[in-house]
Amino acid sequence: RSKNDGRSVFRFFEPDMDARLQARRTMELDLRHALKAEEFELHYQPLVDLESGKVCAFEALLRWHHPTRGLVSPAEFIPLCEEIGLIIDIGAWVLEEACREAVHWPEEVKVAINLSPVQFRNNRVVGAVAHALASSGIAPERVELEITESVLLQDSETNVEALRDLKDLGIQIAMDDFGTGYSSLSYLQKFPFDKIKIDQSFVRTLAERPEASAIVRALTGLGRSLSIATTAEGVETEEQLEHLRSEGCTQVQGYLFSRPLPAGDVAEILKRVFHRAEAPPDENEARG
Ligand code: C2E
Ligand code: MG
Ligand code: MG
Ligand code: MG
């Protein structure tokens, strides 16, 4: 794959380029078929409240079981779905499925659902969300929609209107991957978000990069000033957890607590209280 990355040599590898176009075309056809074939599944990853140590929400994350290629990562197929507009139908399915599942969870546990900016075209997203709420019967307050800054980048007037309509339905809006866009702060002025999700790139480099630690401090402070929750994504180590706790981050999510798991595993995760998050463990336990 990497030999194709140098643009200057591109034309010498036309057969490969054909192969890549062919692969893309095949993937497109497979994707168009995948919804009907029921090849999609949602996995759920807990968000842990740092004060109580309890699971306060699960984020629904899309998985594609390809008949021959096995599990395909969303990073591989969502961009193509967005390009060909298929994300509208898939996104509607995700909304329906996640709400249908979450309605069985304890009332205090929310469901977080990712929305693509493409779903905001033609204002179709409001109808799709309203339909998922109605058909599942879930309380709107239990639904949190995660959007990225790109939603506010283009057509921001209409999209801000759509976000307001979504808020009017009673749901919550979180800004995902915060800090990775062009002018993140200005978006907070355009729309009153309920939550900031601190991008995992800052969490990952907390230990090595003073800049990351400064940014995390600024973002948690911002959350406090705005009286909204801050969720740190991609928490993998005790050190990161302690750092985030000391900065007053309100929620954490990451492999340290759980990987995204099938719906059947949710009940088991809910039994756990993440004591590690509740009080700092003593040295011996931390090493164990
Ligand atoms: P995201 O919404 O920022 O989701 C977080 C991603 O980080 C997920 O990757 C999750 O599995 C991963 N993650 C969680 N904890 C850790 C950790 O401790 N370490 C590391 N290295 N990674 C962690 P995933 O499931 O591969 O999804 C990737 C992206 O695909 C998501 O990023 C989201 O933007 C998109 N996506 C997933 N499901 C959907 C969906 O239903 N609709 C739309 N529009 N996008 C989706
Ligand atoms: Mg997300
Ligand atoms: Mg994210
Ligand atoms: Mg992300």
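Numbering of ligands and ligand atoms starts at 1, following listing order.
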side-chain hydrogen bond (donor to acceptor under 3.5 Å, both in side chains) between Glu96 and His131, intermediate numbers included: CA-CA 8 Å; Glu96 300 281 337; His131 190 271; 2.6 Å; yes
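- Gln172 and Glu141 get closest at one heavy-atom pair: CG-O, 4.1 Å.
- Ligand 1 lies nowhere less than 4.0 angstrom from a heavy atom belonging to Arg259.
- Salt-bridge formation is not detected for the pair Glu82/Arg121: no Lys NZ or Arg NE/NH1/NH2 atom is positioned less than 4.0 Å from an Asp or Glu carboxylate oxygen.
- Sorting the N, O or S atoms of Asp177 by how far they are from the Mg ion (ligand 3) puts OD1 first.
- When non-hydrogen atoms are compared, ligand 1 lies under 4.0 Å from neither the backbone nor the side chain of Thr148.
- The two residues Phe58 and Leu47 make their nearest non-hydrogen contact at C-CD1, 4.4 Å.
- If you look at Asp176 next to ligand 1, the close heavy atoms, those under 4.0 Å, all belong to the side chain.
- Of all the heavy atoms of Gln240, none lies under 4.0 Å from any atom of ligand 1, so neither backbone nor side chain is involved.
- Under the 4.5 Å side-chain criterion, counting only non-hydrogen atoms from C-beta, Val266 is not in contact with Pro46.
- Using a 4.0 angstrom heavy-atom cutoff, Ala75 does not count as in contact with ligand 1.
- For atom 24 (P) of ligand 1, the choice among Pro74, Pro79, Ser116 with the nearest heavy atom turns out to be Pro74.
- Nearest approach of Ala130 to Leu169, heavy atoms of both residues: N-CD1, 4.0 Å.
- Contacts of Gln45 with ligand 1, taken as heavy-atom pairs under 4.0 Å, involve the side chain alone.
- Counting just the N/O/S atoms of Glu59, the one with the shortest distance to the Mg ion (ligand 2) is named OE2.
- Between Gly91 and ligand 1 there is no heavy-atom distance shorter than 4.0 Å.
- Here's the thing with Leu62: one of its N/O atoms is less than 3.5 angstrom from an N/O atom of ligand 1.
- Atoms of ligand 1 found under 4.0 Å from any heavy atom of Glu236 (numbered from 1 in listed order, with element): 17 (C), 18 (O), 19 (N), 20 (C), 21 (N).
- Heavy-atom proximity to atom 43 (C) of ligand 1, evaluated over Leu256, Asn114, Val118, is greatest for Asn114.
- Heavy-atom minimum distance, Leu256 versus Thr237: CD2-O, 3.5 Å.
- Ligand 1 has no N or O atom lying under 3.5 Å from any N or O atom of Gln253, backbone or side chain.
- Under the 4.5 Å side-chain heavy-atom criterion for grouping Ile, Leu, Val, Met, Phe, Trp and Tyr, Val235 is connected to Leu50 within one hydrophobic cluster.
- Listed by number with element, the atoms of ligand 1 under 4.0 Å from a non-hydrogen atom of Val94 are 41 (O).
- For Asp177, every heavy-atom contact with ligand 1 shorter than 4.0 Å involves the side chain, none the backbone.
- In this structure, Phe40 and Trp64 have tilted ring planes: the angle between them lies in the 30° to 60° band.
- Taking all atoms of both residues into account, the shortest heavy-atom contact from Val103 to Arg100 is CG1-O, 3.3 Å.
- Scanning Glu97, Glu82, Glu233, Gln200 for the heavy atom closest to atom 6 (C) of ligand 1 points to Gln200.
- Using a 4.0 Å cut-off between heavy atoms, Lys197 makes no contact with ligand 1 at all.
- The pair Glu59-Lys110 does not meet the salt-bridge criterion, since no charged nitrogen lies less than 4.0 angstrom from a carboxylate oxygen.
- Looking only at atom types and distance, the side chain of Asp177 has no donor-acceptor partner in the side chain of Thr180 under 3.5 Å away.
- Aromatic ring centres of Phe257 and Tyr255 lie farther apart than the 6.0 Å criterion allows.
- Within the structure, ligand 1 lacks Arg204 among the residues with a heavy atom less than 4.0 angstrom away.
- For Glu233, the N/O/S atom at the shortest distance from the Mg ion (ligand 3) is named OE2.
- Closest N/O/S atom of Asp176 to the Mg ion (ligand 2): OD2.
- The atom of Glu146 that is an N, O or S and sits closest to the Mg ion (ligand 2) is OE1.
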